[in-house]
Structures are given as structure tokens and as C-alpha cells.
Protein chains: 2
Amino acid sequence: MDFSSAEENYLKAIYHLSETDSEIVSTNAIAEELNTKPASVSDMLKKLSSKNLVNYIRYKGVSLTEKGKSVALWIVRKHRLWEVFLVEKLKFNWDEVHEVAEQLEHIKSRRMIEKLDVYLNFPKFDPHGDPIPDKEGNIAILPTLPLSEVSIGEVVKVVSVSDSDANLLQYLDKVGISIGSELQIVERIAFDGSLEINIKGSETVSRLVSPQVSQNILVTIDNKQKKALKGK
Amino acid sequence: MDFSSAEENYLKAIYHLSETDSEIVSTNAIAEELNTKPASVSDMLKKLSSKNLVNYIRYKGVSLTEKGKSVALWIVRKHRLWEVFLVEKLKFNWDEVHEVAEQLEHIKSRRMIEKLDVYLNFPKFDPHGDPIPDKEGNIAILPTLPLSEVSIGEVVKVVSVSDSDANLLQYLDKVGISIGSELQIVERIAFDGSLEINIKGSETVSRLVSPQVSQNILVTIDNKQKKALKGK
DNA sequence: AATCGAAGTTAAATTTGACTGATTATTTAC
DNA sequence: GTAAATAATCAGTCAAATTTAACTTCGATT
């Protein structure tokens, strides 16, 4: 079955919101995510509900049905595979691909996406570190937390960053943070919540990053480091 | 300036029709090309005219302005570059790419298309032999004629075939005709206009092709052959 | 020059997705 | 437990692109 770009965008927005926040998503949250008005969202939710893509209770909120989730994951799969293509093959920078991928994700051709997947050699993550759902909609989830919530002294590895803010991505380029970078948290400034971190590269650099930045970087506790600690 | 997919499709249709037939295109011809109704065409022509994309005189017909032509050529450039990508990189067959390219041609990103052009190594022709307009809209035009109009005995080379009919392309695959194939016209059957041709490959094969087929294959008089004749 | 049929146009209605303004539910604060 | 604040919905419009049905215009023929 085929859906309009508008419908697909709503399903994707609901999916993203129910990932980051709670399972059940509010009308206003969707309106903000899509830069539209709550009244428009109400209209569309009625429509999606009649197509059994969402569970919608008036005034209470909305969640994806199995069917809705599988459509959303399919859009996400397409978006992220195209991002890999744009960066790896066409040599775009990672801060330039989101907008174009927003258009490409609505191209309808199952066959093309499977061929693209082969061509890209079955990537598991997009250029921002977000996992790519497989054909069946399975998605690798590793335990992560925002950099802003890591405790002092901990060593972590950058897993992913928000792909929708080009300014953030350009900033990270400039200070030398990329997917896979190892960071150590040195100090948390009480005044504004800034973090002092060491960025391990060819040489270790110390930086101060704002909460705005650290909230948008997802990290894992570094396993190698963990083992080393255990060994002691 | 940005145009809707509908506007772009109309401009492309007018462009194609004014190439194959005359400069000035009729409402009904456009309606047929786009599988829509003449009334819809009238409405759109008024709109395109107010945007200075076409010269439109009620009841008389329509032609592209310079501006309209350059938009049309840009869409054609995108369509044909994507077709090259789909065949060369993703390994689609030449009969499968038209539909998908019809969607991809509406993606908006000048930058992406120029990067795609680089990535594909500046192809001059798409998989069906149609020339790809360059950045400025210049397009290579070689003197061609439909196979159906070639005289008996002549040796010709296949330059291009219609990309919009998958059945034709599959048929050509089956009988071993591809872009660049050399054909010799043996006989024209008076009854239905069928042609008997020799297809030169690893071995030469004789075939009978219907007018439907021969009208959709564009060929050039073979140059090597011409020289050989001159030499005599 | 009157007319007939084909080609083309207008008018009115439909569909999709959005917006504005008014109204109704739900929560929160006291 | 009620009033104010917040959230969500409803009703009415709008714009784009289409369709159907009814009406013009053109031009070829008589």
C-alpha cells in the first residue's frame, strides 16, 4: 500500500518522538516537530487512524500501530541509506545530507532500496551514527546516553549525533569530534552545565562544550576502558 | 525559482512533444502525453503562461519560452543522469529505470546533481542512448532517423530507443538489439510495413520487426560504412 | 456564408493538506 | 472542587491540481 509524503512524514515524526520521549505522543509535539499547527495534526491523525496506522484517542494522544511502525521504519531505512550514499559515494559532508535525504526518502521503489543496500555493502549505521533498520524493520539498539548525563571521570565513545542540525555538525567537525571519538569527562561547570572534556585523537585536546551540544551527542561507556578497569 | 512536480511534468511533456513533432504543441497532445484531461491542461497552461514559462495563445497552442525550455532541460538532465546511475551503479536493467527516474527527477538539489555527474564521470548519453543536457542545457544532437524510414540496403547504427516502454526494451533485449548495434535493412514488406533486418553481432542474425518497433528505434547512417563506400 | 464536428476552454465540484478562529476537554493551582 | 491555563478539536476557508459537464472557437465542407 502506498502513502502520501505528508502521511509518511507524520508517521516518521511520531516514530521519532515516541523513541526519544514516551510511547504516546501529543498533538502539540507533532505540530512542533513538523512546523505545522495542532489543528492540522488533529485532522491527519483522524486520517491515519482510519487507515489503522496509529492508535488515536481524542485529547489523549497517539501511538503507532504495528503497521504504522513498520511504515515509519521503512521511511527511516530509506532516509539513512540515502545519507550513506550521499556521504560515501557523492562525497557530501555529513552536515549537508539531511535535507536532500528528506526528499529521497519518499521515492517509491522497494527494489531500488534493496539494490542500494547491496551497492553500499549493507551499512548498519548512517553517517551520524544512527542505526539503519533492515528489510524486516529490525534495528540495532545499543545502550546509549546523552553526553550531558555522563559522570565525571568516565571515558565514553561517541555513538551518534542529531542529523537535523547542520550547525551542530559543523561545530563538531571544527572541534574534532566524530562518530567513534573517545571522550573523557573532566569537569561539569555548575553555573551553566558546561562540560570540560578531553577529546582523544592523534593528540588529546581539552574542550569546553555547552549543554546544548552535550545533550545532542549520544555516547556509550567505552567497553575497552571498562575491561581495563575490571582488570585492576 | 522552484516549481511543483506537476509544473515540471508539463514543461517536460511540452519539451518532448515539441522535439518530436512541431515547435507548437496542442492541448490534446499534452493531455494524452500526461494521461490527463484537456481541461486540466488548459488550466495549467494559463498558470505556466503567467509565470512566463510558455507562450500560450488560447485555441492556438503553446510553446516553451527560453526560461521554460531551460527548466525542461534541467529536468531532462536529472532524469537521464539518474537513469545512468540506476543502470551502471545499481545494476538495473534498462527497461526498469524509467518509472523510478520519473520520481528522482523531481528531487531538488543542484549540488547533488553536479556531484552525481562527477561520480558517474560526466556521461553524455543515458542507457537508452538519449543525450544528457549539460549544466548549461546544451545538448548533443546527432542526425538520426527512425529505423522505419531507412532505405533498403543501408547499414545503420542504433543511437537510441524510447525509454518509456518497458515491453519494447525487453523485446530488444531478447532479439539482441542494443545501443550501438549495427543493422542492415534487407527488405520492406509492403503489406504491413514490417522490415527484414540483419543484426550484426558475434554472428549476424536475420529478424523481422514490426513498424511499431522500427518507429521507436532511432539510428544513424553508419559512418565507417559510409567511408568504406566512399573508398570504393 | 451557414453549419457541423473536433479541439479547446470555462465553470463547478472534488481531493489533499494546510490555516485561522472559536469552542471544548483536560490539567493544574489554589 | 472550582477557576485559570493549557491542550486539542471543530468548523470554515484556502490553494493546488484534478475531474466532469457544458459551452466556445475554429476551420473544413458544402
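Numbers restart at 1 for each chain; the letters A, B, ... are given by sequence-line order, proteins then strands. Computed from a predicted structure; not experimentally measured.
- Side-chain N/O atoms of B/Y56 include none lying less than 4.0 angstrom from OP1 or OP2 on C/dG8.
- Contact check on B/D163 versus B/R80 returns no salt bridge, with no Lys/Arg side-chain nitrogen under 4.0 Å from an Asp/Glu carboxylate oxygen.
- For the pair B/S42 and C/dT9, the criterion of a side-chain N or O lying under 4.0 Å from OP1 or OP2 is met.
- Nearest-nucleotide positions on DNA chain D for A/I57 and A/D43 put A/I57 closer to the 5' end.
- The side chain of B/T36 contributes no N or O atom lying less than 4.0 Å from OP1 or OP2 of D/dT18.
- A parallel orientation is assigned to the rings of B/W94 and B/H128, their planes being inclined by less than 30° (bins at 30° and 60°).
- The shortest distance between the side-chain N/O atoms of A/R58 and the OP1/OP2 oxygens of C/dT26 is not below 4.0 Å.
- Atom OH in A/Y10 sits about 11 Å away from atom C1' in C/dT16, given to the nearest Å.
- The side chain of A/K46 approaches D/dC10 more closely than any other nucleotide in the set C/dC19, D/dC10, D/dT9.
- Nucleic acid contact class of B/T27 (heavy atoms, under 4.0 Å, all strands): sugar-phosphate only.
- Ring geometry, B/Y119 versus B/F85: the interplanar angle falls from 30° to 60°, so the pair is classed tilted.
- Put simply, A/K37 has no side-chain N or O that comes within less than 4.0 Å of OP1 or OP2 on D/dT13.
- Residue A/A39 is classed as a base contact, given a heavy-atom separation below 4.0 Å to a base.
- Counting to the nearest Å, the C1' atom of D/dG27 and the NZ atom of B/K60 are 9 Å from each other.
- Distance, B/M44 CE to C/dT10 P: 15 Å, rounded to whole Å.
- The nearest whole Å value for the distance from the CD atom in A/E32 to the C1' atom in D/dA7 is 13 Å.
- The interatomic distance linking B/L45 (CG) with C/dT10 (P) rounds to 11 Å, in whole Å.
- The CG atom of B/N35 sits 10 Å away from the P atom of D/dT19 (whole-angstrom rounding).
- With rounding to whole Å, A/H106 atom NE2 is found 15 Å from C/dT16 atom C1'.
- Put simply, B/N28 has a side-chain N or O that comes within less than 4.0 Å of OP1 or OP2 on C/dG8.
- Considering only the side chain of B/Y59, D/dT24 comes nearest among C/dT24, D/dT24, C/dC19.
- A/I217 contributes atom CD1, which lies 6.5 Å from atom CD1 of A/I197 (distance to the nearest 0.5 angstrom).
- For A/E99, the CD atom is loosely surrounded, since the number of other residues' heavy atoms within 6.0 Å does not exceed 12.
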